[in-house]
Amino acid sequence: HGTRLFVLNLFSRTVSVIDVNSRNVVATLLVGRYPSSIALDPSGATQNAYLTIAGGDHELDVIDPQIPLITTRIPLPPTSFLNDLWISPNGLIGYLADSGSGLVQVVDLIGQNVQTSAFVGGRPLDIEATADPNILLVSCFGGDLVAFFHRDTQSVQAQIPVGLRPFRAATNPQTQMAYVLCAGDQTVAAVDPVSQRVTAVLPAPGLYGPTPRGDLAFDRNGARLLVSAYQMSQIHVFGTDPAESGDVYHQLIQSINVPSGPIDIRVTPDGQRILVVCPNIGSLVVLTAVRAPTMESLAEELNAANIPANI
């Protein structure tokens, strides 16, 4: 958020607020058990950040990032176990992946209540936008499938099988192809959201199976997909531009060694830096894209201590 980075500390029940310029922790917020994901109001109308709590507290916390301070706690059903959320472009509705009940919980963020819910599949862990803003892609870890959730009808449009134990997805901003991490068979499934089918399967060794650990992100041109491989302590780099010369499309270009156990990964808007969370050493590692935005070479720039979870 602006010059501030919010890092979720899973086991300490806190959120670290980091000033990006000084690279210092400027605040620590005490939250509920097992904070799992955070998202900003994309409309900018409220400047709020919304934090899902995956543990027994069953709530969606509203954070004012300017102060920073938790201003409201929105209660969720007692059976819920929240893992991820996506906020509508107008900032009015939140869609929450509830792995405790296999539902997408639809929350009125202004009225601060659950509008409705819809069953999507076993243990939904991740919810992402597709090229069509009215259709969300939900990764169902327990069902080995992804569900296409239609926002207008608030129901599942289709379910398609992918690899084993899918847990995280992202959409290429240029090609609109969706990519799904599958921990059980350590692959990345390329999913065409129009035909709603898997068009390619990319081997991604090092994804942790029993408890899904890993993430994916694109460079700003959508030409490179970066996948964090927890078990191998590497970042895999795949080609994702079908128009690029050479035989690199959907191929592994390189694997970069990083400190122990990388999980979350983000690329800054300018494409110059890659943020990687390495909880095994309690650190946020900042990599520099030497030849941005192709990321052909990466170099470790910073290892800031005591930042142990996801961003």
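Heavy-atom basis, side chains included; hydrogens, waters and symmetry copies ignored. In this chain, numbering begins with 1 at the start of the sequence shown. Note that the structure is a prediction, hence the values are computed from the model and not measured.
If you chain together hydrophobic residues whose side chains sit under 4.5 Å apart, Val107 and Tyr50 fall into the same group. Placement of Ile38 and Val26 within a single hydrophobic cluster is found when ILVMFWY residues are connected by side-chain heavy-atom separations under 4.5 Å, directly or transitively. A continuous path of Ile, Leu, Val, Met, Phe, Trp and Tyr side chains, each step under 4.5 Å between heavy atoms, connects Leu225 with Phe167, placing both in one hydrophobic cluster. Tracing side-chain contacts under 4.5 Å through hydrophobic residues (I, L, V, M, F, W, Y), one never reaches Phe141 starting from Val162; they form parts of separate clusters. Tracing side-chain contacts under 4.5 Å through hydrophobic residues (I, L, V, M, F, W, Y), one never reaches Met232 starting from Leu226; they form parts of separate clusters.
The CG atom of Leu109 lies 6.5 Å from the CG atom of Leu60; values are rounded to the nearest 0.5 Å. Between the CG atom of Asp19 and the CG atom of Leu5 there is a distance of 10.0 Å, given to the nearest 0.5 Å. Between the CG atom in Leu30 and the CZ atom in Arg13 there is a gap of 6.0 Å [rounded to 0.5 Å]. A distance of 15.0 Å separates CG of Leu181 from CZ of Arg213, quoted to the nearest 0.5 Å. The structure places CD1 of Ile63 at 8.5 Å from OG1 of Thr71, a figure rounded to the nearest 0.5 Å. Between the CG atom of Asp219 and the OG1 atom of Thr268 there is a distance of 11.0 Å, given to the nearest 0.5 Å.
Annotation: side chain of Cys182 is not in contact with side chain of Arg165 (no heavy-atom distance under 4.5 Å). Within the 4.5 Å cutoff, side-chain heavy atoms of Val31 are placed close to those of Ile70. Proximity of Val276 to Ile235: side-chain heavy atoms (C-beta onward) are separated by under 4.5 Å at one or more points. Side-chain contact check for Asn134 versus His150: some heavy-atom pair is nearer than 4.5 Å. Contact annotation: the side chain of Gln231 approaches that of Gln186 to within less than 4.5 Å [non-hydrogen atoms, C-beta and beyond]. When side chains are defined from C-beta on, Gln154 counts as touching Gln115, because their heavy atoms get closer than 4.5 Å. Using a 4.5 Å heavy-atom threshold, the side chains of Val25 and Val17 count as separate. For the pair Val191/Thr199, no side-chain contact is recorded, criterion being any heavy-atom separation below 4.5 Å from C-beta on.
Between the side chain of Asn9 and the backbone N or O of Ser12, no donor-acceptor pair lies under 3.5 Å. Side-chain atoms of Ser80 never come within 3.5 Å of backbone atoms of Leu82 as a donor-acceptor pair (strictly under, hydrogens ignored). At distances below 3.5 Å, at least one donor-acceptor pair connects side-chain atoms of Thr130 with backbone N or O atoms of Ile135. Between the side chain of His58 and the backbone N or O of Pro78, at least one donor-acceptor pair lies under 3.5 Å. Judged purely by atom type and a 3.5 angstrom limit, Asp108 has no side-chain atom pairing as donor or acceptor with the backbone of Asn113. For Asn172 (side chain) and Gln176 (main-chain N/O), no donor-acceptor pair under 3.5 Å exists by modelled atom type. Thr187 places no side-chain N or O within 3.5 Å of a backbone atom of Ala189 that could act as its donor or acceptor partner.
Pairs passing the ring-ring contact (aromatic ring centres under 6.0 Å, His included) check and including a residue from residues 265-286, sequence neighbours excluded, do not occur. Annotation: ring-ring contact (aromatic ring centres under 6.0 Å, His included) contacts involving residues 259-280, sequence neighbours excluded, are absent. Annotation: salt bridge (charged side-chain N to carboxylate O under 4.0 Å, His left out) contacts involving residues 183-201, sequence neighbours excluded, are absent. For residues 173-207, the ring-ring contact (aromatic ring centres under 6.0 Å, His included) pairs, not counting sequence neighbours, are Tyr179-Phe218, Tyr179-His250.
Partners of Arg151 under the salt bridge (Lys or Arg N to Asp or Glu O under 4.0 Å) rule, at least two apart in sequence or in another chain, do not exist in this structure. Legend: residues meeting side chain to side chain donor-acceptor pair (under 3.5 Å) with Ser101, ordered by chain and number and at least two apart, are Asp98. Remark: Asp84 engages no residue in a salt bridge (Lys or Arg N to Asp or Glu O under 4.0 Å) (not counting sequence neighbours). Residues passing the salt bridge (Lys or Arg N to Asp or Glu O under 4.0 Å) test with Asp144: none are found, sequence neighbours excluded.
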Step-by-step side-chain contact (heavy atoms from CB on, under 4.5 Å) determination, Ile265 to Leu216: CA-CA 6 Å; Ile265 182 169; Leu216 69 171; 5.5 Å; no
Audit row: Asn83, Ser99, side-chain hydrogen bond (donor to acceptor under 3.5 Å, both in side chains) steps and yes/no: CA-CA 7 Å; Asn83 288 92; Ser99 66; 2.5 Å; yes
Test log, rule side-chain contact (heavy atoms from CB on, under 4.5 Å), inputs Asn24 and Ile18: CA-CA 5 Å; Asn24 293 320; Ile18 302 170; over 6 Å; no
Worked check of side-chain contact (heavy atoms from CB on, under 4.5 Å) between Val180 and Leu137: CA-CA 10 Å; Val180 184; Leu137 186 71; 4.2 Å; yes
Chi angles and distances behind the side-chain contact (heavy atoms from CB on, under 4.5 Å) call for Arg168, Asp264: CA-CA 11 Å; Arg168 190 69 59 88; Asp264 274 27; 3.9 Å; yes
Pair Ser228-Asp215, side-chain hydrogen bond (donor to acceptor under 3.5 Å, both in side chains): steps then yes or no: CA-CA 5 Å; Ser228 57; Asp215 198 11; 5.7 Å; no
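Side-chain heavy-atom separations under 4.5 angstrom define the hydrophobic clusters, and Leu145 shares its cluster with no other residue. The hydrophobic cluster containing Val156, built from Ile/Leu/Val/Met/Phe/Trp/Tyr side-chain heavy atoms closer than 4.5 Å, also comprises Trp86, Leu92, Ile93, Tyr95, Val104, Val106, Ile110, Val120, Ile127, Leu136, Val138, Phe149. Listed by chain and number, the hydrophobic cluster partners of Ile67 are Leu69, where partners are ILVMFWY side chains within reach of under 4.5 Å, directly or through others. Leu103 forms part of a hydrophobic cluster together with Phe119, judged by ILVMFWY side-chain heavy-atom separations under 4.5 Å.
Side-chain contact of Gln157 with Gln196: a donor-acceptor pair under 3.5 Å is present, judged by distance alone. Using a 3.5 Å distance cut-off with no hydrogens or angles, the side chains of Ser255 and His236 do pair a donor with an acceptor. A side-chain donor-acceptor contact under 3.5 Å links Asp41 and Ser43.
With respect to Asp241 and Arg224, no salt bridge is recorded, no charged nitrogen being found less than 4.0 Å from a carboxylate O. Contact check on Glu59 versus Arg33 returns no salt bridge, with no Lys/Arg side-chain nitrogen under 4.0 Å from an Asp/Glu carboxylate oxygen.
Looking at every heavy atom in both residues, Val188 comes nearest to Ala204 through CG2-CB, 3.8 Å. Taking each heavy atom of Cys140 and Pro166 in turn, the nearest pair found is O-CG, 3.4 Å. The minimum heavy-atom distance between Pro42 and Gly91, with the atom names listed, is CD-CA, 4.4 Å.
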